[in-house]
Amino acid sequence: MSKKCPGALSDGSGMRLAVTAAENAGPKAPILLRGDLGAATKTARAIGYQGIEIHVPDIWEFAVSAFKADCDAAGVAVSALVSGQLYVRKGLSICNDDPANVQKAIEGLKLFVDAAATLSTGVVVGWVRGQVGDEREKKLAKQAESLKEVGQYALAKNVPLYIEAINRYELDSLNTAREILDFIDKYSIPSTYIHLDTFHMNIDEHRPSKAIREVGALLGYVHVAENTRWYPGHDRLDFDEVFAALEGIGYDGFVSVECLPYPTGEEAARRAHEWLTYRYFYPKG
């Protein structure tokens, strides 16, 4: 449980900022850069971000090599690939009652792992877990069985999987850091780490800083947004406490801005970058 998250998360300079991007997203989706992904890499770099997080609409059609070339040309890293559209757009989940649906979800996740290996990044596992309903223990065991298969596949490719703690109003299991820690420990899932999000933590954790310290070396990825899910610096969430906890555990991965696209996506990305950089990412001393 103490192994630090591997991969291309650190370049030796500490935490780095990333921004969310997708070709298509709903008007209230917490994704900031929209449209052509190649153009998004240039916009992210122009604002000052070092990484870009991609919400892939269809992993079966994702042009990985072309996107890698765009990232290399723009000088940005891929902070993570997000697998949520397997569930949202295709209705696939790793605890579905239909075995064929589960196998298709696993196939999709393995394709995400292949893409992540090419892009030197990790894969966020959130919505594709599915809802557990009244069969909690049975469905959690099914999730674990699926994730063991994907995790073993990811381990061979040195790709970390990030299980995201999503609030109880959106998913009905694994809502807190403690629940995911216990889940990983109980089922011994390989190549699996924890993804925390300040918006979700503000709902389900007693204190975000406590959750961060509790996860420790298993923290693989971080999302930041305000309590209202606007860009950081807009409202009242205590980011001083959050970043003190991240520094306290020696977190040196990406911190990705996943917030509502208000007043516009690009404006939110700029304001978040300016505020976070001023407070937490300028060289100290």
Practice item. Output yes when Glu164 and Arg129 qualify as a salt bridge under the 4.0 Å nitrogen-oxygen rule, no when they do not. Key: no

Between Glu205 and Arg178, is there a salt bridge with N-O shorter than 4.0 Å? no

Pair Asp70, Thr41: side-chain N/O donor-acceptor within cut-off below 3.5 Å | no

**Request:** Measure the acute angle between the ring planes of Tyr280 and Phe243, then classify it against the limits of 30° and 60° as parallel, tilted or perpendicular.
**Result:** parallel

Discussion item. Under the criterion side chain to side chain contact (heavy atoms under 4.5 Å, CB included), I'd like the reasoning laid out for Phe254 against Val222: C-alpha separation, chi angles, the key distance, then a yes or no.
Written reply: CA-CA 7 Å; Phe254 275 104; Val222 175; over 6 Å; no

Checklist entry - Does the pair Arg270 and Glu274 meet the rule for a salt bridge (Lys or Arg N to Asp or Glu O under 4.0 Å), with working shown? => result CA-CA 6 Å; Arg270 290 183 184 280; Glu274 180 180 355; over 6 Å; no

- Message: Can you see whether Gln143 engages Ser146 through a side-chain donor-acceptor pair at a distance of less than 3.5 angstrom?
- Response: no

Check ion pair Asp172-Arg168 (N to O, under 4.0 angstrom):
no

So CG of Leu109 and CG of Leu147: to nearest 0.5 Å the spacing works out to 7.5 Å

Flag yes if more than 12 heavy atoms outside Glu214 fall under 6.0 Å of its CD atom; otherwise flag no.
yes

Grouping ILVMFWY residues whenever side-chain heavy atoms fall under 4.5 Å, the cluster of Trp230 otherwise contains Tyr231, Leu260, Tyr262

CD1 of Ile166 to CG of Asp197, rounded to nearest 0.5 Å, is 8.5 Å

Are a donor atom and an acceptor atom from the side chains of Glu53 and His223 found within less than 3.5 Å of each other? yes

So ring pair (Phe, Tyr, Trp, His ring centres under 6.0 Å) across residues 100-156, not counting sequence neighbours, yields Tyr87-Trp127

Tell me if the CZ atom of Arg45 is crowded by more than 12 foreign heavy atoms within 6.0 Å. yes

*Under the side chain to side chain contact (heavy atoms under 4.5 Å, CB included) rule, what do Leu81 and Val124 come out as? Steps first, then yes or no, please.*
CA-CA 6 Å; Leu81 296 178; Val124 173; over 6 Å; no

Just wondering, more than 12 heavy atoms not from Lys110 lying within 6.0 Å of its NZ?
yes

Q. Side-chain contact, heavy-atom cut-off 4.5 Å: Thr20 with Leu33?
A. no

Quiz item: Would Glu135 and Lys142 pass as an ion pair if we require N to O under 4.0 Å?
Solution: no

message = Within a 6.0 Å radius of atom CD on Gln131, are there more than 12 heavy atoms belonging to other residues, nucleotides or ligands?
response = yes

| Would a 4.5 Å heavy-atom cut-off, applied to side chains only, mark Arg136 and Ser173 as touching? | yes

State yes or no: are the ring centers of Tyr193 and Tyr221 separated by less than 6.0 Å? no

Do the rings of Tyr49 and His273 sit parallel, tilted or perpendicular, given the 30° and 60° boundaries?
perpendicular

Interatomic distance, CG@Leu161 vs CG@Leu155, rounded to 0.5 Å, equals 9.5 Å

Grouping ILVMFWY residues whenever side-chain heavy atoms fall under 4.5 Å, the cluster of Phe199 otherwise contains Tyr169, Ile203

